[in-house]
Each structure stands twice: as structure tokens, then as C-alpha cells.
Amino acid sequence: MTKRELNFEGTSPLLYLVATPIGNLSEMTPRAIEVLKEMDYLSAEDSRNSGQLMAHFGINKPFISCHEHNEEEASSKIVSLLLSGKKVAYMSDAGYPTCSDPGERLVANCLEHGIKVSCLSGPNAALNALAASGLDSSHFYFQGFLSPKDKARKDELEELASRKETIIFYESPHRISKTINAMYEVLGNRRAVIARELTKSHEEFIRGTLEELAAIEEDTLRGEMVVVVEGCKTIQKEYSDEEILKMLQVEIKSGTSSKDAIRKISTDLDLPKKRVYAISLLLK
Ligand code: SAM
């Protein structure tokens with residue numbers, strides 16, 4: 001029989017997850033401050049980041065560090081404290097806990113021990129970027145970070161290529177150019193948006209096609225970034241290699257360079273440029 005108990009009634013302990021600002025401290029909600037002030041212990045990834053935030057709001061509580069590398073151990077400690085009647089909140093360094101950030105194992109561990117979990121709303125980089133992107137927001141897929149390794153990143157993109165929903169990626173500034181180029185190569189020339197430094201004074205939305213975004217100087221793409229990419233819009237017709245070869249021949253015969261013909265056909269048919277390029281080698 002499923003046990004039911006309202007989150008803010010009953011006797012079972014409750015873990016609070018708290019979303020925190022992603023750049024603009026004014027986005028800390030009054031409710032988050034109120035709940036954090038009521039806690040016996042606060043937990044987060046890094047005492048420096050959350051320490052600054054807590055200092056700003058005049059909150060000073062015993063701190064438990066819980067990050068990717070100690071989450072199992074730290075979550076056991078938090079579970080024990082909650083079971084002993086102490087109040088504990090877990091917050092992210094920025095945005096939502098568990099969204100490309102630790103917290104998932106802590107939540108699972110709490111649920112296994114009959115501890116309820118509630119999440120206080122707040123900022124989230126993916127949703128801010130999506131909402132202002134101008135791309136279809138009715139259905140979306142959150143990918144978060146792609147692999148930092150070239151081959152694994154391409155494989156992940158290949159898997160995403162046929163998704164119809166808008167896709168949301170997180171990326172760090174030192175990999176942004178490589179990632180956008182890989183997206184262009186694998187996904188074709190789709191509309192995309194780089195949402196940079198969200199909620200900060202230098203917030204910027206760069207809207208264009210993947211080809212246009214790939215041409216941007218990496219030096220000008222600093223800070224934190226979300227990349228939002230249009231889903232696969234064509235009804236995927238299966239094109240045979242022979243059909244693609246014929247289209248390439250027609251384009252090249254009409255005077256288009258081989259490079260432009262590959263780009264045009266991969267964009268028009270929404271096919272990975274890699275495949276069209278491989279077929280073009282048969283012409284040589
Ligand atoms: N938990 C966070 C959330 O809910 O959005 C995400 C944390 S993840 C470790 C960090 C990544 O989120 C960054 O590399 C960047 O892709 C994105 N991000 C965080 N803050 C951002 C901001 N102010 N502007 C743009 N992207 C941001």
C-alpha cells in the first residue's frame with residue numbers, strides 16, 4: 001500500500017532542496033531565505049560559494065559539504081540528522097540542485113529512509129534560456145553537458161539528431177566553439193541560440209543558425225552559457241546514398257563548389273554533413 005503524507009503535515013522528516021541565483025542575488029526568493037533561516041544545518045557543494053550567498057543574507061548555520069565526490073557519505077550524514085529531528089536544507093551553488101549538479105543521490109537516500117523531499121522554486125539557467133530563445137518551447141529535451149571527449153560528444157549528438165523537441169545544452173566557455181562546430185557538423189544547419197551570462201548585467205542572447213554561431217570568435221564568448229538548438233524539423237525521409245550522390249552531381253554540374261554543395265544538401269535534407277561528405281568522396 002502506498003504511504004501518503006502531505007509534505008508540510010504529518011510526522012516524517014523533510015529535506016528541503018533550495019534553488020539559488022544563477023548570477024543575480026536579487027533572484028533569491030523571500031521563501032528560500034525564510035526556510036534557510038529556520039534550518040539547523042545547511043548543505044551545499046562548496047562552502048565558499050554558498051558561504052558568500054549566506055553571508056549576503058545574514059544566515060549563519062553549521063555547514064555540510066555534499067558534492068559529486070562525497071555525496072554517498074555526506075548524504076548518509078544528512079539522513080541521520082533528519083531522522084534525529086534536525087532540519088536540513090540542501091542548496092545548489094547556482095540554480096537547481098540535481099540539474100547538472102549534485103543532489104540526486106541525496107534525494108534517493110532520503111526517500112529510501114522515509115524522508116519527504118520538497119523543492120523551493122528559483123532560477124534555472126536552462127529554462128531562462130529556453131523561454132527567451134524564440135525557439136519552440138512547447139516540447140523540449142534537456143541534455144545538459146555533452147561529453148568533453150570529441151568522439152563521445154559526436155556520438156551523443158548523433159543520438160540526439162532525430163529528436164523533434166528543442167534541445168537544451170550546458171557548456172563551458174573553453175569548449176563552446178568545439179561544441180557548436182560539432183553540432184553544426186552532426187545536426188546540420190539548424191536555428192540555435194547561445195544564452196550567455198543569464199540574469200547578470202552582461203546577459204546576451206545570440207540568435208542565428210549553427211553555421212553562423214560556429215563562425216563567432218571564441219574569445220568573444222566568455223562567461224556561462226546555455227545553447228538552445230531547434231529540434232529536427234523535417235519529416236525524416238530516408239535518402240539512399242545513390243539519391244544523395246545524384247543531388248551532389250546536379251549541384252556541382254550547375255557550378256556550385258563541392259564544399260557548398262555538401263553544405264546545401266545537408267541543410268536542405270537535414271542530414272549530417274559527415275554523411276553527405278562521405279558520399280561526395282565517391283565523385284572523386
Ligand atoms: N544547477 C544549475 C541550473 O539549475 O541551471 C546548472 C549548474 S551547471 C554545473 C553550470 C552550467 O549551467 C554552466 O556551465 C552553464 O552552462 C549553465 N549556467 C549556469 N548559470 C548560468 C548563467 N548565468 N548564464 C548562462 N548559463 C548558465
Side-chain angles (χ1 to χ4, degrees), residues 15-29 31-32 36 42-50 52-53 56 65-71 75 89-107 117-135 137 140-149 153 156-157 160 166-183 192-208 210 213 216 218 220-229:
L15 169 77
Y16 279 102
L17 299 175
V18 183
T20 56
I22 56 169
N24 186 332
L25 287 185
S26 311
E27 294 192 345
M28 187 75 176
T29 70
R31 181 161 181 237
L36 290 172
L42 297 182
S43 177
E45 257 185 279
D46 186 310
S47 58
R48 280 162 303 175
N49 288 344
S50 46
Q52 277 177 8
L53 187 68
H56 184 84
S65 168
C66 176
H67 48 75
E68 200 187 339
H69 305 293
N70 77 342
E71 194 170 342
S75 68
Y90 182 73
M91 55 192 161
S92 171
D93 282 355
Y96 270 75
T98 80
C99 178
S100 293
D101 262 333
E104 200 180 302
R105 274 179 285 165
L106 170 63
V107 170
V117 180
S118 180
C119 183
L120 304 190
S121 320
N124 168 255
L127 291 179
N128 268 40
L130 176 73
S133 68
L135 299 177
S137 311
F140 59 89
Y141 179 83
F142 177 70
Q143 169 67 26
F145 290 101
L146 289 165
S147 169
K149 298 197 179 113
R153 184 196 296 124
E156 288 170 356
L157 286 167
L160 295 170
T166 299
I167 312 172
I168 308 174
F169 299 90
Y170 283 165
E171 194 46 286
S172 69
H174 65 277
R175 273 199 298 267
I176 189 73
S177 283
K178 262 192 169 182
T179 297
I180 302 271
N181 274 287
M183 286 172 174
V193 179
I194 298 176
R196 207 172 63 82
E197 297 289 71
L198 292 165
T199 77
K200 304 179 195 176
S201 55
H202 292 100
E203 177 176 282
E204 183 185 25
F205 282 83
I206 314 172
R207 299 179 176 85
L210 282 172
L213 298 184
I216 297 174
E218 192 171 44
T220 66
L221 296 175
R222 294 187 193 279
E224 299 195 278
M225 270 164 281
V226 179
V227 184
V228 188
V229 181

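Order of listing sets the numbers, starting from 1, for every ligand and every atom in it.
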Quick look: A195 vs ligand 1, heavy-atom contacts under 4.0 Å, and the answer is backbone

Just need the protein heavy atom nearest to atom 18 (N) of ligand 1, so name the residue and atom and give the distance. A125 CB, 3.5 Å

Looking only at atom types and distance, does a side-chain atom of E156 sit under 3.5 Å from a main-chain N or O of S147, one as donor and one as acceptor? yes

Could you tell me if any non-hydrogen atom of F169 lies under 4.0 Å from any atom of ligand 1? no

Indicate yes or no: does an N/O atom of S100 lie under 3.5 Å from an N/O atom of ligand 1? no

Look at the side chain of Y90 and the backbone N and O of V107, then say whether any donor-acceptor pair between them is shorter than 3.5 Å. no

Counting heavy atoms only, name the option from E224, R196, H202 that's nearest to atom 20 (N) of ligand 1. E224

Backbone or side-chain N or O of E171 under 3.5 Å from ligand 1 N or O: yes

Considering all heavy atoms of both residues, which atom of A19 and which atom of P123 are nearest to each other, and what is their separation? CB-O, 4.2 Å

Could you see which bit of A94 sits under 4.0 Å from ligand 1, with heavy atoms only: side chain, backbone, both or neither? backbone

When you measure from the side chain of E204 to the backbone N and O of R196, does any donor-acceptor pair fall under 3.5 Å? no

Ignoring hydrogens and angles, tell me if any N or O in the side chain of N24 forms a donor-acceptor pair with the backbone of T199 under 3.5 Å. yes

If you scan protein heavy atoms around atom 16 (O) of ligand 1, the nearest is M225 O, 2.5 Å

Could you check, using the six-membered ring where one of them is a Trp, whether F142 and Y170 have ring centers closer than 6.0 angstrom? yes

The ring pair (Phe, Tyr, Trp, His ring centres under 6.0 Å) partners of Y16 (sequence neighbours excluded) come to none

Atom indices of ligand 1, in the order listed, that fall short of 4.0 Å to a heavy atom of Y96: 1 (N), 3 (C), 4 (O)

Examine A126 against ligand 1 and note whether any of their N/O atoms are separated by less than 3.5 Å. no

Check if G23 has a non-hydrogen atom at a distance under 4.0 Å from any atom of ligand 1. no

Is there a donor-acceptor pair under 3.5 Å between the side chain of E71 and the backbone N or O of G103? yes

Going by distance only, is there an N or O of F145 that falls short of 3.5 Å from an N or O of ligand 1? no

Salt bridge or not for E224 and K200, using N-O below 4.0 Å? yes

Check each of N24, V226, L198, N124 against atom 24 (N) of ligand 1 and report the one with the nearest heavy atom. L198

What do you reckon, does I22 have a nitrogen or oxygen under 3.5 Å from a nitrogen or oxygen of ligand 1? yes

Contacting atoms of ligand 1, where contact means under 4.0 angstrom from a heavy atom of K200: 23 (N)

Report the part of E197 (side chain from C-beta onward, or backbone N, CA, C, O) that has a heavy atom under 4.0 Å from ligand 1; answer both or neither where that applies. backbone

Restricting to side chain to side chain contact (heavy atoms under 4.5 Å, CB included), what partner residues turn up for D101, sequence neighbours left out? E45, S92

Closest approach of any protein heavy atom to atom 5 (O) of ligand 1, naming residue and atom: Y170 OH, 2.7 Å

Check this for me - ligand 1, D101, N or O atoms closer than 3.5 angstrom, yes or no? yes

Check the pair L36, M91 against side chain to side chain contact (heavy atoms under 4.5 Å, CB included), reporting the backbone distance first and the verdict last. CA-CA 9 Å; L36 290 172; M91 55 192 161; 4.2 Å; yes

Do any N/O atoms on C99 end up under 3.5 angstrom from N/O atoms on ligand 1? yes

Stepwise, does the side chain to side chain contact (heavy atoms under 4.5 Å, CB included) test hold for H56 with M28? CA-CA 11 Å; H56 184 84; M28 187 75 176; over 6 Å; no

